[in-house]
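In what follows, a single structure is set out as structure tokens and then discussed.
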Amino acid sequence: MEVWEVWEVSAASSGSCGRTRTAIDADTKLIPSFHVGSRDAVDANIFIRDLAGRLDHRVQLTTDGHKSYLDAVERAFGDGIDYAMLVKHYGPAPEGPQRRYSPAECTGTTVGVVTGRPDMKHVSTSYVERSNLSMRMGIRRFTRLTNAFSKKVENHWYALAIYFMHYNYVRIHTTLRTSPAMAAGVSKTL
């Protein structure tokens, strides 16, 4: 069974490009779909519909607790998916000057089965969160408190397309010892 995780990262706070949603295969680390848009139900539906169109068999999907995914996954997959939602709970934000750089501490999680029969030992957002960190470290426009943001959403989208093409087809993942596209059988060469 393939296990997929969905997450969204926000673009640089000074930019106007909104959110970038990504989906990653936990086994091959392939990121077949991303979407730049707002954090609303319309963009969630566009993104999940695109992801569903790229998959040819039943998968297990885990998303964060954003409610717009409930409707989007149901519309795109129907009952042809094993879907769980992982909601993280956070404590109070840090006080003082470190508040600007440090997120609130995660105090716990709630996992809920939404549809199908997801394997609870595979309900996680760890791989997509690590992918989020790689994006933040590898794409200057995602660095916090930066002035390297895109003024046009098209330029932001093109920068992400180049990043994901390189990530999927060129970059050798250390745990796989190959590129994600080769691990998924999408490509035979780098």
Side-chain angles (χ1 to χ4, degrees), residues 1-11 17-90 106-135 153 156-157 160-161 163-165 167-169 173 175-176 178-188:
M1 171 188 303
E2 283 189 55
V3 179
W4 291 82
E5 299 175 8
V6 170
W7 198 254
E8 57 188 63
V9 297
S10 91
C17 295
R19 302 274 175 169
T20 301
R21 300 172 195 249
T22 60
I24 189 170
D25 177 9
D27 294 327
T28 66
K29 312 304 182 270
L30 184 73
I31 300 176
S33 182
F34 74 94
H35 178 74
V36 176
S38 64
R39 195 167 198 250
D40 62 8
V42 172
D43 283 306
N45 276 285
I46 292 168
F47 170 64
I48 295 295
R49 196 174 326 117
D50 179 66
L51 176 63
R54 294 172 188 268
L55 304 175
D56 62 355
H57 56 281
R58 187 181 188 102
V59 298
Q60 177 171 325
L61 179 71
T62 303
T63 66
D64 64 357
H66 192 42
K67 289 186 172 96
S68 65
Y69 288 129
L70 293 170
D71 180 58
V73 171
E74 183 178 342
R75 285 175 185 250
F77 289 98
D79 61 356
I81 192 166
D82 299 312
Y83 174 39
M85 191 174 268
L86 187 134
V87 179
K88 290 189 175 183
H89 307 285
Y90 294 93
C106 182
T107 59
T109 60
T110 303
V111 176
V113 173
V114 179
T115 189
R117 296 180 50 198
D119 184 349
M120 297 310 277
K121 69 181 180 188
H122 293 295
V123 174
S124 169
T125 57
S126 298
Y127 293 113
V128 79
E129 287 179 32
R130 180 60 181 96
S131 168
N132 176 355
L133 178 62
S134 294
M135 284 175 59
V153 72
H156 184 68
W157 191 92
L160 288 170
Y163 173 82
F164 288 123
M165 188 280 184
Y167 175 91
N168 284 329
Y169 290 94
H173 200 282
T175 59
L176 300 172
T178 186
S179 72
M182 290 173 69
V186 174
S187 176
K188 294 183 189 227

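These numbers come from a predicted model, not from an experiment.
- With hydrogens and angles left out, the side-chain atoms of R130 and S134 include a donor and acceptor closer than 3.5 Å.
- Listed by chain and number, the residues in a salt bridge (Lys or Arg N to Asp or Glu O under 4.0 Å) with R75 are D71 (sequence neighbours excluded).
- In the model, H89 has a side-chain atom that pairs as donor or acceptor with a side-chain atom of T110 under 3.5 Å.
- Side-chain atoms of N132 do not come within 3.5 Å of backbone N or O of V128 as any donor-acceptor pair.
- Side chains of Y83 and T62: no donor on one and acceptor on the other come within 3.5 Å.
- The minimum heavy-atom distance between S124 and L86, with the atom names listed, is CA-CD1, 4.3 Å.
- Rounded to the nearest 0.5 angstrom, W157 CH2 and F34 CZ are separated by 5.0 Å.
- Counting only distance, with no hydrogens or angles, the side chain of D82 and the backbone of R117 share a donor-acceptor pair below 3.5 Å.
- In plain terms, the two heavy atoms of I81 and R58 that are nearest each other are O-NH2, 3.2 Å.
- Residues K188 and M182 fail the side-chain proximity criterion, which asks for heavy atoms closer than 4.5 Å.
- For the pair I31 and S131, the minimum side-chain heavy-atom distance is below 4.5 Å.
- Rounded to the nearest 0.5 Å, atoms OG1 (T20) and CG (D43) are 10.5 Å apart.
- Using modelled atom types, no side-chain atom of R19 and backbone atom of S38 make a donor-acceptor pair closer than 3.5 Å.
- Across every non-hydrogen atom of H156 and V36, the tightest pair is CD2-CG1, 3.7 Å.
- Scanning both residues, V123 and P118, for their nearest heavy atoms gives CG2-CB, 4.5 Å.
- Residues H35 and D50 have side chains that never bring a donor and an acceptor to within less than 3.5 angstrom of each other.
- Closest of all the heavy-atom pairs between L176 and D27 is CD2-O, 3.6 Å.
- Here the closest heavy-atom approach between residue S68 and residue R21 is recorded as OG-NH1, 4.2 Å.
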